[in-house]
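Labels below follow one simple rule: chain letters A, B, ... track the order of the sequence lines, proteins then strands, and each chain is numbered from 1. In this text the structure is predicted, and so the values were computed from the model without any measurement.
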Number of protein chains: 2
Amino acid sequence: MTDKSINLTEYLIEHGIRPSFQRIKILQYLIGNKDHPTVDDIYQAVAKEVSTLSKTTVYNTLTLFTQASIIKGLRASENEIRYDPDTADHGHFKCKKCSGIYDFAVNIDTLQSDALAGFQIHEKGIYFTGICPACMENKTNSKSEEETK
Amino acid sequence: MTDKSINLTEYLIEHGIRPSFQRIKILQYLIGNKDHPTVDDIYQAVAKEVSTLSKTTVYNTLTLFTQASIIKGLRASENEIRYDPDTADHGHFKCKKCSGIYDFAVNIDTLQSDALAGFQIHEKGIYFTGICPACMENKTNSKSEEETK
DNA sequence: ATACAATTTTGTAATGATTACAAATATATT
DNA sequence: AATATATTTGTAATCATTACAAAATTGTAT
Ligand SMILES: [Mn+2]
Ligand SMILES: [Mn+2]
Ligand SMILES: [Zn+2]
Ligand SMILES: [Zn+2]
């Protein structure tokens, strides 16, 4: 779902998900924020619009969306799951300094040597870590203390 | 760290780690069990030999070993970290049925397209999930209920 | 529209892995 | 032996996630 013109309600129905108010708002946020937000990021943001929102609903909804394969849960961060509305195969680079998570294109098919013959593959996760270009130059990057917790 | 004949004490010293009794026992267990054990696996096993062992010591030691790059922490499992004494680049396949984690060779260099030019890469994690060959045939695999929590 | 059933949301209470912390123990140095 | 340093241990937080049941919403049948 990259096309902004698509109707979110229809989109959910097409994937067998009843389009409740909360679900639409959460999906809307995800599509508008492809920076791999955490559950709390999503909760905090959507709660501003839906004041009665429960974090449990966010968890429920994300699980539902993930099962319907319209989003993907990422393990790029140590402690928490981050979510990605881009379900196409791509790699994730996590900067140790600024904690930013960058997408990167990757030719996953070249990976599939004969090593996994006989295995039925469902998901392919490519996670790199290191220092991003911005943090490489900017030695005095102070975001790390705040965010890396 | 594949050669069994190597002296564990010397090995730790070479990597700047003081070879305490607990550390040697934990390293010994890791080298002898390359099935990617959890912290609790390691604790339960080593505690049989070192009855006074504290789980905190296991955590401390694993962090120390990881920082010294003699082992690697894996995020193949959802909730818990698993540890691998094989620090060479290789992929991990997690079977959703039996929860087993399989190593697989992967040509990681072919991945590095120009997408990450300018990024300083420290770690490369390749995590696949799906069904392993054994579980594909054996439809009535009951391990899943026990182990998958 | 009303009554009933099914679904969704919500709040609160567990769970469980990891971390923080300080006292106790062991090891190194003088 | 005395003292300083490093390691281990036990217990108490932390914190993301899950479990659960009541409340609210929505769908369906009269
Ligand atoms: Mn992404
Ligand atoms: Mn491995
Ligand atoms: Zn950065
Ligand atoms: Zn299996």
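Legend: ring pair (Phe, Tyr, Trp, His ring centres under 6.0 Å) pairs involving residues 14-49 of chain A, not counting sequence neighbours, sorted by first then second residue: A:Y11-A:H15, A:H36-A:H92.
The separation between A:I81 atom CD1 and D:dA16 atom P is 12 Å, rounded to whole Å. The CD-P distance, from B:E78 to C:dG16, rounds to 16 Å in whole Å. A:K25 has its NZ atom 18 Å from the C1' atom of D:dT25, to the nearest Å. Rounded to whole angstrom, the span from the CD1 atom of B:I13 across to the P atom of D:dA6 amounts to 16 Å. Between the OH atom of A:Y43 and the C1' atom of D:dT18 there is a distance of 17 Å, rounded to whole Å. In this structure, the CG atom of B:D41 is 16 Å from the C1' atom of C:dT18, given to the nearest Å. A straight line from CG of B:N79 to P of D:dC15 spans 19 Å, rounded to a whole angstrom.
Taking a 4.0 Å limit (strictly below) on heavy-atom distances, residues 48-60 of chain B reaches DNA chain C at B:T56, B:Y59.
In this view, A:D89 and A:K72, A:I108, A:K124 satisfy the side chain to side chain contact (heavy atoms under 4.5 Å, CB included) rule, not counting sequence neighbours. A:R75 meets the salt bridge (Lys or Arg N to Asp or Glu O under 4.0 Å) test with B:E78; sequence neighbours excluded. The side chain to side chain contact (heavy atoms under 4.5 Å, CB included) check on B:Q67 picks up B:T63, with sequence neighbours excluded.
Taking side-chain N and O atoms only, B:Q22 has a distance below 4.0 Å to OP1 or OP2 of D:dT9.
The side-chain heavy atoms of B:D84 and B:D103, taken from C-beta on, include a pair separated by under 4.5 Å.
In this structure, a donor-acceptor pair under 3.5 Å is absent between the side chains of B:N60 and B:T57.
Closest contact between the side chain of B:E80 and the listed nucleotides D:dT17, C:dT18, D:dT8 involves C:dT18.
Of all non-hydrogen atoms in B:C95 and B:Y102, the two that sit nearest each other are CB-CE1, 4.3 Å. Closest non-hydrogen pair, B:F104 versus A:A115, comes out as CB-CB, 4.0 Å.
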When every nucleotide of nucleotides 24-30 of chain C is labelled 5' to 3' by its protein contacts under 4.0 Å (heavy atoms), B for base, S for sugar-phosphate only, - for none, what sequence of letters results?
----S--
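Taking the six-membered ring where tryptophan is involved, the planes of A:Y127 and B:Y127 are tilted, since the angle between them lies from 30° to 60°.
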